[in-house]
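Small disclaimer: the values here were computed from a predicted structure and weren't measured.
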Amino acid sequence: MPQIEDGYTRLANEILENTMKASLNGTQFRIVLAVWRYTYGFQRKEHDLSLSFLSKATGASKSQVDRELSALIDRKIITIVGAGGRGSRVVTFNKNHAEWTECTPRRGLYSTLGTEVSSTVSTEPYSTSSTKKEKIKEKNKDTRQSKKYAEDSTYFKMADYFHSKVVAVAEAEGLTHLIIKSDKQKWADDFRKLFEKDGVQDKHLIRDVIDWVTSDPFWKVNVLSAKKFRDKFGELALKMKAAQKTKERTPVKPDPRDREIAFQRWIAEGNDPDEFDWGN
């Protein structure tokens, strides 16, 4: 029989009470439980949780987890605090329930009487009868509603900076044809998604990774677009950090000429050559 001596998850009653009142569907509630289990359950506030891990933990499909986790992030119930390993994300539960937002009504989810969920209606946001054709139409609709970014906007500036770096690499490597038709508006949108959807909100880190990836011998010729940069960001950030640590651990060999220069300075200052310390 389960016993608290075998382990338990501490939760404030206020969190439980407000989660009860939140309009969560089945998959969303299971994701919240999983986040609690692997953060608060281990006495930590955040943890690296991949879609595959959450899918296994909740018993929901990976596509369901992806969709409903995005909904929880949009509602500010779950927060992305950084990039994890292998493209995953570090997540945390936002216990400040005053910041949570209501979900947007979706077809078949709410009754016509208000915001109460009908007991006879599935709590999944999309019916299993939804066809592949409808989903493709929805995706195409989102694609058509592309954003336009002013040249002085943060995302456009990120795109412009990365573009200038990539152009320099492409010209040096004779790969200009690969980026000649690049659309900075699309690049700006990729940076927006990296910042808003993927939760990478450290602008200094993004710039550092841009500088590193466009100078690394391998990655500079393999990441020539903002989309590829976004897709690979977690891996790139980890490799950059690893490279920096390796560089820090590599001892700098002393240049023997340094002691000779110091010796000449010692003599020039009028000191006795025989008293010069060659050991330091």
Side-chain angles (χ1 to χ4, degrees), residues 44-51 66 69-70 73-74 76 78-92 94 99 142-143 145-250 252:
R44 57 195 176 201
K45 295 181 180 179
E46 60 190 48
H47 191 52
D48 183 350
L49 298 174
S50 67
L51 293 178
D66 189 17
L69 178 58
S70 295
I73 293 169
D74 289 342
K76 299 181 181 180
I78 300 296
T79 304
I80 302 297
V81 296
R86 298 180 179 273
S88 63
R89 294 172 289 183
V90 179
V91 304
T92 186
N94 180 15
E99 295 180 350
D142 290 340
T143 303
Q145 294 173 342
S146 58
K147 294 177 177 289
K148 293 295 181 183
Y149 301 90
E151 292 188 5
D152 61 348
S153 69
T154 298
Y155 302 127
F156 191 90
K157 287 179 179 178
M158 287 181 177
D160 189 52
Y161 180 73
F162 183 48
H163 184 267
S164 66
K165 292 278 190 176
V166 170
V167 167
V169 170
E171 289 177 347
E173 300 293 334
L175 301 172
T176 311
H177 61 287
L178 296 179
I179 52 93
I180 196 168
K181 293 183 179 180
S182 55
D183 185 340
K184 287 187 185 180
Q185 285 291 334
K186 289 183 179 178
W187 284 33
D189 199 51
D190 282 315
F191 277 102
R192 177 189 65 81
K193 291 174 181 176
L194 175 67
F195 194 84
E196 296 180 0
K197 288 185 172 291
D198 301 345
V200 183
Q201 299 182 354
D202 187 337
K203 296 177 184 177
H204 295 293
L205 175 62
I206 294 174
R207 187 184 182 96
D208 288 345
V209 175
I210 289 175
D211 291 338
W212 179 81
V213 78
T214 51
S215 61
D216 181 78
F218 174 78
W219 289 108
K220 70 179 181 181
V221 295
N222 284 282
V223 180
L224 296 172
S225 71
K227 184 179 186 305
K228 188 71 173 287
F229 181 81
R230 180 197 171 202
D231 291 342
K232 292 279 187 181
F233 186 84
E235 181 180 357
L236 295 173
L238 288 173
K239 288 189 177 296
M240 179 191 74
K241 296 288 186 182
Q244 289 173 343
K245 288 181 180 178
T246 300
K247 187 176 180 181
E248 290 172 0
R249 288 196 301 266
T250 304
V252 178

Test item: Thr92 side-chain N/O and Lys45 main-chain N/O as donor-acceptor pair under 3.5 Å: yes

Closest approach of Arg89 to Leu69 (non-hydrogen atoms, all atoms of both residues): NH2-CD2, 3.7 Å

Stepwise side chain to side chain contact (heavy atoms under 4.5 Å, CB included) check, Met240 with Leu205: CA-CA 10 Å; Met240 179 191 74; Leu205 175 62; 3.9 Å; yes

Pair Asp189 + Arg192, salt bridge at N-O below 4.0 Å: yes

From CZ (Arg230) to CD1 (Ile206), nearest 0.5 Å: 11.5 Å

Qualifying residue for side chain to side chain contact (heavy atoms under 4.5 Å, CB included) with Phe191, from Tyr149, Phe229, Tyr161, Phe156: Phe229

Closest approach of Asn94 to Lys76 (non-hydrogen atoms, all atoms of both residues): ND2-O, 2.9 Å

Point-to-point distance, once rounded to the nearest 0.5 Å, from CD1 of Ile80 to CD of Glu46: 10.5 Å

Where Phe162 and Ile210 come nearest, the two heavy atoms and their spacing: CD1-CG2, 3.6 Å

Lys227 NZ: over 12 foreign heavy atoms closer than 6.0 Å: no

Pairwise side-chain contact, Asp198 with Phe233, heavy-atom cut-off 4.5 Å (strictly under): no

Closest non-hydrogen atom pair, Tyr155 against Glu196: OH-OE2, 3.1 Å

Distance (rounded to the nearest 0.5 Å) between Leu224 CG and His163 NE2: 10.5 Å

Heavy-atom closest contact (Val81 atom, Val91 atom, distance): CG2-N, 4.5 Å

CA sep, side-chain torsions, deciding dist, call: Lys239, Trp219, side chain to side chain contact (heavy atoms under 4.5 Å, CB included): CA-CA 10 Å; Lys239 288 189 177 296; Trp219 289 108; 3.5 Å; yes

Any donor-acceptor N/O pair, Lys165 side chain to Asp211 backbone, under 3.5 Å: no

Nearest heavy atoms of Lys220 and Val169, plus distance in Å: O-CG1, 3.2 Å

Close side-chain approach of Lys203 to Met158, heavy-atom, < 4.5 Å: yes

